[in-house]
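Okay, so here's the structure we're looking at.
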Amino acid sequence: MVEPGKHTAVVVVGAGVAGLTVGNFLRRNGVDCIILERRAREYVEARQRAGTLDTRGVRLFREWGLAEVLDGGPAPEVEGGFFIDGHPMPIEVDEDDNESIFIPQQVLVRRLADIFLTEGGEIRYEVDVTLEDVAGSSPVARYQDRAGATVAIGCDYIAGCDGDRGVTRASIPAGALTRYSHEFKYSWLSVLAAVPGKTAGMAIHTRGLAGLIPRGTENSRIYLQCLNEDTVTQWPDERVWDELEARVGQSLGRGEILSKEIVALRSVVHDPMCYGRVYLLGDAAHIVPPMSAKGIHLALFDAETFAKAVIAQVRDGDPGLLDAYSETCLHHVWNYQAFATWITDLMHNAGDPSLEGEFRKQVARAELRRQFESEAANRVFSELTSGIA
């Protein structure tokens with residue numbers, strides 16, 4: 001079944017932060033769109049993801065009239081900073097220029113979806129989408145509904161916000177994009193624990209890096225540097241807590257561990273970030289290592305750039321911003337890939353010398369100290385971490 005006369009300006013594939021942000025920006029500016037999501041709404045809004053929105057992200061939602069999504073509910077009272085060999089090294093932040101906030105991603109997704117649906121937007125969950133004629137002037141998104149009937153939606157543009165393994169990038173012919181990638185020599189054990197977060201920060205230690213990040217008021221995300229060949233079975237719960245406390249240098253409240261997984265650290269960029277009428281956003285176009293905390297930053301930059309471009313095309317018939325979409329985004333992406341690679345290597349080399357040696361460890365520590373001791377270095381570091389660079 002093809003819905004009679006069903007055509008929309010933009011089909012957005014994926015109902016995560018990027019897709020819902022694009023949807024809200026477009027609808028509030030009079031551009032029709034439909035969001036298609038493979039998973040159920042309950043699943044999408046329960047996914048535990050990064051919980052920090054940097055200064056640029058906070059300002060972006062305010063500028064587009066969506067400040068209400070920034071109210072993430074009660075937040076834990078936390079202390080932040082770096083720990084080196086168990087000694088705290090707090091980060092002094094210029095509060096006048098830093099507006100970063102902790103907000104669980106599932107809360108942000110839920111609020112964006114509620115606004116979009118309340119204002120008349122349409123999200124179709126649990127649909128397995130295929131894309132057709134993406135290089136033509138009238139691409140089609142096709143899927144089967146719950147009754148098994150085939151539904152086809154014509155559109156002018158497709159926003160691919162469905163992640164690294166989504167259908168959108170897979171619909172682009174092989175060879176049309178160049179993939180640039182870098183694999184790091186270490187991985188992270190990522191742990192979700194039912195422990196209220198009291199400390200947010202990273203610990204540098206000769207045993208390896210450790211991270212502790214609040215996930216709302218009741219849970220915490222723990223990261224522990226590990227070997228690429230490690231498996232979850234090598235990390236029983238007691239070892240996780242012992243290793244975290246050894247690297248941070250203090251006793252921490254222990255609790256139930258809800259999940260564990262080994263996360264390979266990598267950087268990926270696809271160039272160009274568009275093909276025909278398909279435009280890639282967020283993880284569909286690029287991946288940064290979690291050390292940088294810039295995945296959501298880049299997704300929101302893409303979302304705003306794409307939304308502005310489509311609005312200019314639909315309202316004014318001006319294709320200039322759409323034509324420049326990939327170039328505009330990639331300039332920003334590579335800037336933050338450089339930061340992500342630098343901060344990831346710096347933080348890991350400054351701790352465990354087993355991969356790069358003691359000389360690189362001392363060089364990394366000297367460079368890290370410079371971020372605190374040099375006003376010029378600290379200014380650049382602060383601009384990048386806050387997302388305003």
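Side chains are part of it too, since the values below use all heavy atoms of this structure and drop only hydrogens, waters and symmetry mates.
Between Asp237 and Lys260 there is a salt bridge, since a side-chain N of the basic residue sits under 4.0 Å from a carboxylate O of the acidic one. A salt bridge links Asp114 to Arg41: one of the charged nitrogens lies within less than 4.0 Å of a carboxylate oxygen. Looking at Glu45 and Arg111, no side-chain N of the basic residue comes within less than 4.0 Å of a carboxylate O on the acidic one, giving no salt bridge. Between Glu119 and Arg28 there is a salt bridge, since a side-chain N of the basic residue sits under 4.0 Å from a carboxylate O of the acidic one. Between Glu63 and Arg59 there is no salt bridge, since no side-chain nitrogen of the basic residue lies less than 4.0 Å from a carboxylate oxygen of the acidic one. Using a 4.0 Å cut-off between charged nitrogen and carboxylate oxygen, Glu132 and Arg142 count as a salt-bridge pair. Note on Glu245 versus Arg254: salt bridge recorded, some NZ/NE/NH1/NH2 to OD/OE distance being below 4.0 Å. Using a cut-off of 4.0 Å between Lys/Arg side-chain N and Asp/Glu carboxylate O, Arg169 and Asp164 are scored as salt-bridged.
Proximity of a side-chain donor or acceptor of Asn29 to a complementary backbone N or O of Phe25 within less than 3.5 Å is detected. The backbone N or O of Ala149 sits nowhere less than 3.5 Å from a side-chain atom of Gln144 that would complete a donor-acceptor pair. Within the 3.5 Å criterion, the main-chain N or O of Thr206 finds no donor-acceptor partner in the side chain of Lys361. A distance-only check finds no donor-acceptor pair linking the side chain of Gln105 to the backbone of Thr52 [under 3.5 Å]. In this structure, the side chain of Asn24 engages the main chain of Leu112 through a donor-acceptor pair within 3.5 Å. Here the side chain of Arg239 pairs a donor or acceptor atom with the backbone of Gln234 at under 3.5 angstrom. Panel note: side chain Thr341, backbone Ala338; no donor-acceptor pair is recorded below 3.5 Å. The backbone N or O of Thr178 sits nowhere less than 3.5 Å from a side-chain atom of Asp271 that would complete a donor-acceptor pair.
Taking both residues in full, the closest heavy atoms of Val134 and Pro139 are given as CA-CB, 4.1 Å, listed atom of the first, atom of the second, then distance. In plain terms, the two heavy atoms of Ile35 and Ala15 that are nearest each other are CG2-CB, 3.9 Å. Residues Val109 and Gly16 come closest through the heavy atom pair CG2-C, 4.3 Å. Residues Gly351 and Arg365 share a closest heavy-atom pair of CA-NH2, 4.3 Å.
Taking the six-membered ring where the residue is Trp, Tyr279 and Tyr157 present perpendicular rings, their angle passing 60° and hence far from 30°.
Note: Ile222 CD1 to Leu189 CG = 9.0 Å, rounded to the nearest 0.5 Å. The structure places CZ of Arg62 at 6.0 Å from CG of Leu70, a figure rounded to the nearest 0.5 Å. Separating the CZ atom in Arg379 from the CG atom in Leu384 is a distance of 12.0 Å, to the nearest 0.5 Å. Distance check, rounded to the nearest 0.5 Å: CG of Leu281 to CD of Glu304 gives 12.0 Å. Note: Cys155 SG to Ile153 CD1 = 8.5 Å, rounded to the nearest 0.5 Å. We find the CG-CD distance between Asn349 and Glu358 to be 11.5 Å, quoted to the nearest 0.5 Å.
By the 4.5 Å heavy-atom criterion applied to side chains, Ser220 and Leu212 are counted as neighbours. A heavy-atom distance below 4.5 Å is found between the side chains of Trp188 and Pro290. Tyr275 has its side chain out of reach of Ser171: every pair of non-hydrogen atoms, C-beta onward, lies at least 4.5 Å apart. Contact of the Leu36 side chain with the Tyr125 side chain is not registered, since no non-hydrogen atoms from C-beta on lie closer than 4.5 Å. Using a 4.5 Å heavy-atom threshold, the side chains of His348 and Glu356 count as separate. Side-chain contact between Ser181 and Ser267 is absent, with no heavy-atom pair separated by less than 4.5 Å. Contact annotation: the side chain of Arg277 approaches that of Ser137 to within less than 4.5 Å [non-hydrogen atoms, C-beta and beyond]. Between Leu131 and Ile158, some side-chain heavy-atom pair lies under the 4.5 Å cut-off.
Judged by distance alone, the side chains of Asp352 and His205 never bring a donor and an acceptor atom under 3.5 Å apart. Between Asp54 and Ser100, the side chains place no donor N or O within less than 3.5 Å of an acceptor N or O (distance only, hydrogens not considered). Of the N and O atoms on the side chains of Glu367 and Gln371, not one donor lies less than 3.5 Å from an acceptor on the other residue.
In Arg38, the CZ atom is not crowded: 12 or fewer heavy atoms of neighbouring residues, nucleotides or ligands sit closer than 6.0 Å. Residue Arg207 qualifies as open at atom CZ: its count of foreign heavy atoms under 6.0 Å is 12 or below. The environment of CG in Asp128 is sparse: at most 12 heavy-atom neighbours from other residues, nucleotides or ligands sit within 6.0 Å.
Under the side-chain contact (heavy atoms from CB on, under 4.5 Å) criterion, Ala194 pairs with Asn219, Glu256, Leu258, sequence neighbours left out. In terms of the side-chain contact (heavy atoms from CB on, under 4.5 Å) criterion, residue partners of Glu42 (sequence neighbours excluded) are, by chain and number, Ala40. Under the ring pair (Phe, Tyr, Trp, His ring centres under 6.0 Å) criterion, His332 pairs with His297, Phe301, Tyr336, not counting sequence neighbours. For Tyr180, the ring pair (Phe, Tyr, Trp, His ring centres under 6.0 Å) partners at least two apart in sequence or on another chain are Trp334. Taking the salt bridge (Lys or Arg N to Asp or Glu O under 4.0 Å) definition, one finds that Arg315 meets it with nothing, sequence neighbours left out.
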Might you work through the side chain to side chain contact (heavy atoms under 4.5 Å, CB included) test for Leu209 and Tyr223, ending with a clear yes or no? CA-CA 8 Å; Leu209 190 80; Tyr223 298 109; over 6 Å; no
Take Val167 and Val13, measure what side chain to side chain contact (heavy atoms under 4.5 Å, CB included) needs, and give me the verdict at the end. CA-CA 8 Å; Val167 66; Val13 184; 4.1 Å; yes
Let's go through Glu243 and Trp235 carefully: what are the C-alpha distance in whole Å and the side-chain angles of both, what is the deciding distance for side chain to side chain donor-acceptor pair (under 3.5 Å) to 0.1 Å, and is it a yes or a no? CA-CA 10 Å; Glu243 198 65 28; Trp235 288 89; over 6 Å; no
Quick one: do Arg221 and Ser190 satisfy side chain to side chain donor-acceptor pair (under 3.5 Å)? Show the steps, please. CA-CA 7 Å; Arg221 177 69 70 180; Ser190 176; 3.2 Å; yes
Could you give me the CA-CA distance, side-chain angles and deciding distance for Thr8 and Asp32, then say whether side chain to side chain donor-acceptor pair (under 3.5 Å) is met? CA-CA 6 Å; Thr8 188; Asp32 190 33; 3.0 Å; yes
Apply side chain to side chain contact (heavy atoms under 4.5 Å, CB included) to residues Arg247 and Leu224 and explain how you reach the verdict. CA-CA 9 Å; Arg247 298 182 189 189; Leu224 294 170; 4.0 Å; yes
N/O donor to acceptor pairs below 3.5 angstrom from side-chain atoms of residues 318-327, sequence neighbours left out:
residue: Asp318; atom: OD1; partner: Gly320; partner atom: N; Å: 2.9
residue: Tyr325; atom: OH; partner: Leu280; partner atom: O; Å: 2.7
residue: Ser326; atom: OG; partner: Met273; partner atom: N; Å: 2.8

